[in-house]
Amino acid sequence: MSSLSYSPMRLLIVTRENEQDKAYGLGKTLQPLLQALANRGHHIDYFSKDSCLYTHQQWHPKISRWLRPILTNLAPAIAERIVQGIAAATRAIATHATHVWAHDPWLVWGIKLGLLRRKYIRRPFKLIVTEHGLGSFTWAVTQDGLDISDKMYKCLLKAERRVLIHADHVFIPSHIAKAALVRDLHLERAQHNISVMGYGRPEIELPSKAAGLRHFGKLATDQTLTVVAVGRLAPVKNFPLLIKACAQLEHKYDTPVQIIIAGGGDPQPLQDLAASLNLSHKPIIQFEADISWTLAAADLYVSTCAAESYGQANREALAAGLPVIAPSQGGSGEVLGLGAYLIPVDNSDQGAIRLGAAMAEVLNQPNNYNYWRNKAKQESGAWLAWEQIADHYEQQLIK
């Protein structure tokens, strides 16, 4: 428990995620921290898109239509943030929030509009903004496939910079993400309000391997090795590379594997790619509300996202004691330390060959396999507990 003398916070968390995102997204990641803060006497209000669904249904189409002549294809995404932000401002005023923590800088535009709508010239609360991407939010959304013109990109960067400069706190998940943000926003150095804030050690309780396999319709006696990945089916996650690497593993190293990708989205493009590469086992690609089933079924965990600022799912795989292969780019080296086998990742044919070879090196050589399992346990065992991390967050928020 913190020894600080303080008035308890009334903290409003604002995010545009929905119920499905909370299964392995921000909601799940933050839950232990929010619980630790609540245990210290702070009032926590988690305000997601599902908290004001009717408001979105009523206003999102209208605001999208109004914005479309100016923002074209960006209109729906920005309208969503404006609706969520306006609703959050109303909630903050009604609940007398002392701190509002927006997990997306675009949400702040809606919060400001919501305050003006209520005749507030000055914010009646402290504003915290988290940048979850590897650099600016504007750059991050392009990695998810959002097409932005050069002119609009520069305008959005300027607006994002303005939001962050005037926030009370800006939280970043890793030092490499902080450096990328400073670069993207053309700052000489990080502002005094920007802080790197880590996350605590994931608490993973796995069912048995046999139960995990049964969950996915596989026999417990099935000898096929299982390779798993986790994340929404978005371009930035680069799952086609995993499919191609598994084809290398099967056809070059005579090691067919069962691929399991736990993530929401349209699986058909990945299924079509797997069929075209003549994989022996059709990939299992589906949303999973409880990621423990996926990790329990795994023999190997692979991340192909080279733009992770942090990668909570990767950390959960290490905490589960799995051998992990992850990109050497992005924040993985900083966040996973010595616990994962880090290799360069790219979308070329050579990238698939390289990843396939690394997978074969781990799966087909027992000494290597055991080495990476032990490294995962050693690294994750040294991570701070959530209670210790909560001290850091509390001090930053209250000061």
Side-chain angles (χ1 to χ4, degrees), residues 143 209 213 216 218 222-263 265 267-286 294-295 297-308 311 313-314 317-318 320-330 332-333 336 338-376:
Q143 303 308 294
K209 175 74 180 291
L213 290 173
F216 291 101
K218 308 294 290 184
D222 193 336
Q223 297 300 305
T224 304
L225 296 171
T226 304
V227 172
V228 306
V230 175
R232 55 208 164 79
L233 306 185
V236 70
K237 297 300 183 182
N238 203 15
F239 290 132
L241 177 63
L242 175 62
I243 303 290
K244 294 174 184 176
C246 287
Q248 285 285 324
L249 187 62
E250 176 167 353
H251 301 313
K252 185 174 181 179
Y253 297 97
D254 195 26
T255 308
V257 294
Q258 174 65 66
I259 302 169
I260 297 176
I261 300 176
Q268 199 55 53
L270 293 175
Q271 295 289 13
D272 292 343
L273 176 61
S276 71
L277 295 172
N278 298 315
L279 293 183
S280 298
H281 302 279
K282 182 180 179 180
I284 298 170
I285 307 172
Q286 61 193 42
T294 306
L295 297 178
D299 292 296
L300 174 66
Y301 177 98
V302 178
S303 169
T304 47
C305 178
E308 292 284 10
N314 299 348
L318 251 64
L322 290 172
V324 171
I325 298 177
S328 56
Q329 302 102 305
S332 294
L336 302 180
L338 299 176
Y341 184 0
L342 303 177
I343 67 168
V345 164
D346 62 67
N347 290 324
S348 67
D349 291 342
Q350 188 59 41
I353 292 170
R354 186 187 303 119
L355 179 55
M359 293 165 69
E361 186 180 332
V362 174
L363 290 173
N364 294 338
Q365 299 181 35
N367 287 342
N368 285 341
Y369 187 85
N370 291 329
Y371 173 83
W372 287 114
R373 286 198 64 173
N374 291 333
K375 294 300 288 185

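Keep in mind that the numbers below use all heavy atoms, side chains included, and drop hydrogens, waters and symmetry copies.
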Subject >> Residues forming a side-chain hydrogen bond (donor to acceptor under 3.5 Å, both in side chains) with Q271, sequence neighbours excluded >> reply: none

To the nearest 0.5 Å, what is the distance between [atom1] ([X]) and [atom2] ([Y])?
X: L322; Y: T294; atom1: CG; atom2: OG1; result: 10.5 Å
X: L225; Y: D299; atom1: CG; atom2: CG; result: 5.0 Å
X: N364; Y: T255; atom1: CG; atom2: OG1; result: 3.5 Å
X: L295; Y: T226; atom1: CG; atom2: OG1; result: 12.0 Å
X: W372; Y: N367; atom1: CH2; atom2: CG; result: 13.5 Å
X: I259; Y: L300; atom1: CD1; atom2: CG; result: 11.0 Å

**OP:** Please determine which of L355, V345, V230 meets the side chain to side chain contact (heavy atoms under 4.5 Å, CB included) test together with V302.
**Re:** L355

Subject >> Sole candidate of L338, N370, V324 that passes side chain to side chain contact (heavy atoms under 4.5 Å, CB included) when paired with K375 >> reply: L338

Are the side chains of [Y] and [X] in contact, using a 4.5 Å heavy-atom criterion?
X: P240; Y: L270; value: yes
X: N314; Y: Y301; value: yes
X: Q258; Y: L213; value: no
X: E308; Y: K237; value: yes

Closest contact, heavy atoms only, [X] versus [Y]:
X: L242; Y: A229; value: CD2-CB, 3.7 Å
X: L342; Y: S332; value: CD2-CB, 4.3 Å
X: G265; Y: P267; value: O-CD, 3.2 Å
X: I343; Y: Q329; value: O-OE1, 3.8 Å
X: P327; Y: T304; value: CG-C, 4.0 Å
X: A245; Y: M359; value: CB-SD, 4.0 Å

Got a sec, which residues hit salt bridge (Lys or Arg N to Asp or Glu O under 4.0 Å) with [X], two or more places apart in sequence or on another chain?
X: K252; value: none
X: K244; value: none
X: D346; value: R354

Original post:
Is there a donor-acceptor contact under 3.5 Å from the side chain of Q143 to the main chain of A307?
Top reply: no

Original post:
Can you check whether G321's main-chain N or O pairs, donor with acceptor, with R373's side chain at less than 3.5 Å?
Top reply: yes

Subject >> Partner residues of F216 under the ring pair (Phe, Tyr, Trp, His ring centres under 6.0 Å) criterion, sequence neighbours left out >> reply: none

**OP:** For atom NZ of K209, decide whether the heavy atoms of other residues, nucleotides or ligands shown that lie under 6.0 angstrom number more than 12.
**Re:** yes

Original post:
With sequence neighbours excluded, what pairs up with H251 under the side chain to side chain contact (heavy atoms under 4.5 Å, CB included) test?
Top reply: A247, N278

